[in-house]
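Working notes, structure below.
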Number of protein chains: 2
Amino acid sequence: MSVTMNDIARAAGASVSTVGRVIHNSGYVSREVRERVEQAIERLGYVPNQSARALKSSRSGIIGSLVLQSANGLYYRINDSIIRAARAAGYELLTMEAQPGQGMEGHLIDSFIGLHVDGLAIISNTSITGEMFAKLRAAAIPVVAVERGYLEMGVDSLVVRDLEGSRDAVQRIVRSGHKRVALVAPRPALDVEKRRYAGYREGLESMGLGVDERLIRLTPGYDTQYGRIAGADLLSLPEPPTAVFCTADTLAAGVLQAAYQKGLRVPEDLSLVGYDDVLSQSLSPALNSVGLFMGSIGPCVMELIEARRADPERPAEARMIDTVYADRGTVAVRSARKETVIRIYDEEELL
Amino acid sequence: MSVTMNDIARAAGASVSTVGRVIHNSGYVSREVRERVEQAIERLGYVPNQSARALKSSRSGIIGSLVLQSANGLYYRINDSIIRAARAAGYELLTMEAQPGQGMEGHLIDSFIGLHVDGLAIISNTSITGEMFAKLRAAAIPVVAVERGYLEMGVDSLVVRDLEGSRDAVQRIVRSGHKRVALVAPRPALDVEKRRYAGYREGLESMGLGVDERLIRLTPGYDTQYGRIAGADLLSLPEPPTAVFCTADTLAAGVLQAAYQKGLRVPEDLSLVGYDDVLSQSLSPALNSVGLFMGSIGPCVMELIEARRADPERPAEARMIDTVYADRGTVAVRSARKETVIRIYDEEELL
DNA sequence: CTCCTGTATGGTAACGTTACCATGTGCTGA
DNA sequence: TCAGCACATGGTAACGTTACCATACAGGAG
């Protein structure tokens, strides 16, 4: 069907061994023969059969990635970062999506094992059992968990400094003069969510402000709609917040909608900060947001995979990923004395 | 290293042939032996080696997809749709990203050939040459182009009814009473862009309105920033448009920012419609947008691949993908008599 | 002259799976 | 009684690549 090393050997008047040596640039090959073989490869359009290679060397050249299927663009960005790093290291990335709550992860893991992937990145909160990890370990497949701590199960992990990112953002808000800083966040179930939630509290406390539980809204999930409801709720309080910190951009977008419906402007009437920086730059106005430092995610994943490959017995390691605060001016400076910011209307606005 | 059919055979006291028959549910196997084999498979955690299968049967079980690396979330959604359909058909999807203008597509195509993918989806405007298509054809790999017509090169294609989608959206705007409907679109280079652009013109003309060239803004690309600039430009015209149709959500987001900066409200002061529906539901307000009917993209891709595989000589076919208009109320109804919509201010807004 | 070493090339057994073919049973019908 | 059949199982040659060993010849050292 397709061109094989045998075809090349025949066309170049050499043996498969010699062709192999040319392809791998190893061993002794005379200049003359090397050229004949290279020409034949070029002329016939030979491409090495990866299946055969994988079978022989039990290295597929493929890194797997398992993500939870969701509307959250963050996972695709993370995946992107890994794609690039994998390719730079000579691998391709094969992504499988787990439908939430379908319990199909076991089959997906089996598929990865069958493909003999050279590494596996597990992104976000897929539900992998200890049994599956054991199977992966038996198959000698290095696993890296991203944004989800499986560290206690002996899995190498990438952990985002979410507590610091969250705390830092809140501190910035408070430093701008805000006293009533609300939180809109998903109900903390996953580690990520807990860390971001804790960061909010630490941020306030570290600035000498108490946490006002009335200003906290925990949503059932990440839908924009939940953000809108929470936002509307907060903004109709007798003493509404002057700033809202959201631990997800999608929620921030919802709060923005709520503000808009109330006729409030960001940042003049309400300061707003999102998280993940996946949507913020496209909103109007473009929002401040805490983003992950994507540049290091892919490379860290590959480093952990290579390290595990080199020494399967090494203790599980966690790499920390920094956050990056994108400042787009949606936190207004409030003077200490005045409770309301002076607002200047455009001519058009007043007709 | 990992468990093979041989291990199962030994454990179950059978031969590899018998194990093979159990796995494939073909040929004669006694109930007793079948059970022994199945138990061994379960107990040892046997997973078929795909590399060996692929080598033997020259079917890898992998569909490739090639996308242009870009911030546009649309491609990921399309990819998602294909992932699901591929999986439903028993394949995995392996995605490679081409960096724009890097000319690395040749290498990527070679990688796909080396992997012996059973099909290849080319998404968006990657630059594939005739030579590459020839190589793919020689390797008997069915190719489907999505959102990019390579039909003239004899490649099966998925074409979105963009002209109709665009025209329909404009007609809806006009029917709501708008006379000055502006366009913000990337300079039409690709077929997609031309179709969407043409749809705008047809939409206006079909409603008996002339095209006012002063209301057309063509941007150098899809950045939100271009939308903002174009929007600011349009809104400062002596006779500004009452509605803006954008052929991309990212551009619409920019126009929204411009409107916001001018103190205009959507839809009360300005009606706004986006395209691709990838961002619209997260904006504030959530915008009307023309989306692709994702449900049919993946299945169509797989159908075309299977059809091509069944008959490599069949003439190239184009499948049409419908658009879906998402109405979120950002097109205001304008009465025929009055040129301006009565605007009601909230109390807060007037202090 | 032999031995060794460097250079150059060819042969071949795996890797795990699958598609055949071969070789058995035991049973039925002529 | 035996051909013919359904049933049941085992053996083995590929698939394309790679790792290793074998072979061969030159030229220089001993």
Side-chain angles (χ1 to χ4, degrees), chain A residues 1-38 40-41 44-62 110-111 113-118 138-140, chain B residues 1-38 40-41 44-62 90 110-111 113-118 139-140:
Chain A
M1 187 63 63
S2 56
V3 185
T4 73
M5 282 174 64
N6 221 313
D7 299 330
I8 301 298
R10 211 156 346 143
S15 68
V16 265
S17 306
T18 304
V19 174
R21 254 169 259 135
V22 171
I23 290 172
H24 289 96
N25 249 325
S26 69
Y28 296 109
V29 185
S30 67
R31 224 166 57 78
E32 188 201 11
V33 174
R34 153 164 282 121
E35 274 168 14
R36 278 216 313 276
V37 169
E38 278 169 350
I41 287 177
L44 301 185
Y46 166 76
V47 176
N49 183 326
Q50 287 298 333
S51 308
R53 278 198 173 163
L55 177 59
K56 190 80 226 311
S57 60
S58 53
R59 295 194 56 221
S60 64
I62 297 178
D110 276 352
S111 297
I113 292 175
L115 285 166
H116 275 239
V117 291
D118 298 327
Chain B
M1 188 64 61
S2 57
V3 185
T4 71
M5 282 174 64
N6 220 312
D7 299 329
I8 300 299
R10 210 154 348 140
S15 68
V16 266
S17 306
T18 306
V19 174
R21 254 168 262 135
V22 171
I23 291 173
H24 290 97
N25 248 325
S26 67
Y28 296 110
V29 186
S30 68
R31 223 167 59 80
E32 188 201 10
V33 173
R34 151 166 285 120
E35 274 169 13
R36 277 214 315 275
V37 169
E38 278 169 350
I41 287 178
L44 302 185
Y46 166 76
V47 176
N49 183 326
Q50 287 299 332
S51 310
R53 278 200 172 160
L55 177 59
K56 190 82 226 312
S57 60
S58 54
R59 295 194 58 220
S60 64
I62 296 178
D110 276 352
S111 297
I113 294 175
L115 285 166
H116 276 240
V117 292
D118 297 328

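Just the heavy atoms: all of them, side chains too, but no hydrogens, waters or symmetry mates, feed the values below. So you know, we letter chains A, B, ... as the sequences are listed, proteins then strands, and number each from 1. All values reported here derive from a predicted model rather than from experimental measurement.
- Contact record, Tyr46(B) with Ile23(B): CE2-CD1, 3.6 Å, taken as the closest heavy-atom pair.
- At whole-Å resolution of the value, OH in Tyr46(B) and P in dG16(C) are 10 Å apart.
- To the nearest angstrom, P of dT17(D) lies 10 Å from CD of Gln50(A).
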Pull out every protein N or O sitting under 3.5 Å from an N or O of nucleotides 5-7 of chain C, one pair per line with the distance.
{"unit_1": "dT7(C)", "atom_1": "OP2", "unit_2": "Tyr28(A)", "atom_2": "OH", "d": "2.8"}

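- His116(B) and Ser2(A) get closest at one heavy-atom pair: CE1-OG, 3.5 Å.
- Nearer the 5' end of DNA chain C, as judged by each residue's closest nucleotide, is the contact made by Arg31(A), out of Arg31(A) and His24(B).
- Shortest non-hydrogen contact noted between Leu55(A) and Ala52(B) is CD1-CB, 3.8 Å.
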Identify each atom pair where a protein N or O and an N or O of nucleotides 22-28 of chain C are less than 3.5 Å apart, giving names and distance.
none

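- Side-chain proximity of Lys56(A) to the nucleotides dA19(D), dT9(C), dT9(D) is greatest for dA19(D).
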Item to check | Residue pair Arg34(B), Asn25(B): steps toward the side chain to side chain contact (heavy atoms under 4.5 Å, CB included) verdict | outcome: CA-CA 10 Å; Arg34(B) 151 166 285 120; Asn25(B) 248 325; 3.3 Å; yes
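- Taking OG of Ser57(A) as the reference point, atom CD of Gln50(A) lies at 8.5 Å (rounded to 0.5 Å).
- In this structure, the CD1 atom of Ile23(B) is 12 Å from the P atom of dA19(C), given to the nearest Å.
- The nearest whole Å value for the distance from the CG atom in Asn6(A) to the P atom in dT12(C) is 13 Å.
- Put simply, Arg53(B) has no side-chain N or O that comes within less than 4.0 Å of OP1 or OP2 on dG16(C).
- Sorted by residue number, the members of residues 7-20 of chain A with any non-hydrogen atom under 4.0 Å from DNA chain C read Ala14(A), Ser15(A), Ser17(A), Thr18(A).
- For the pair Leu55(B) and Arg34(B), nearest-nucleotide mapping onto DNA chain D gives the more 5' position to Arg34(B).
- Contact between Ile113(B) and Ala139(B) at its shortest, heavy atoms only, is CG2-CB, 4.0 Å.
- Rounded to an integer number of Å, the gap from CG of Asn49(B) to P of dT18(C) is 10 Å.
- Of all heavy-atom pairs between Ala12(A) and Ala40(A), the closest is CB-CB, 4.2 Å.
- Of all heavy-atom pairs spanning Ser51(A) and Asn49(A), the tightest one is N-OD1, 2.8 Å.
- Atom CD1 in Ile62(A) sits 4.5 Å away from atom CD1 in Ile62(B) (nearest 0.5 Å).
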Next on the checklist: Please determine whether side chain to side chain contact (heavy atoms under 4.5 Å, CB included) holds for the pair Val29(A) and Val37(A), giving the CA-CA distance in whole Å, both sets of side-chain angles, and the decisive distance to 0.1 Å.
Outcome noted: CA-CA 10 Å; Val29(A) 185; Val37(A) 169; over 6 Å; no
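- The separation between Asn25(B) atom CG and dT18(C) atom P is 13 Å, rounded to whole Å.
- One atom, CE of Met5(A), and another, C1' of dT12(C), lie 13 Å apart when rounded to the nearest Å.
- Considering only side-chain N and O atoms, Ser57(B) lies nowhere under 4.0 angstrom from the phosphate OP1 or OP2 of dT17(C).
- For Leu115(A) and dG16(C), the CG to P distance is 16 Å, given to the nearest whole Å.
- In this structure, the separation between OG1 on Thr18(B) and CD1 on Ile8(B) is 13.0 Å, given to the nearest 0.5 Å.
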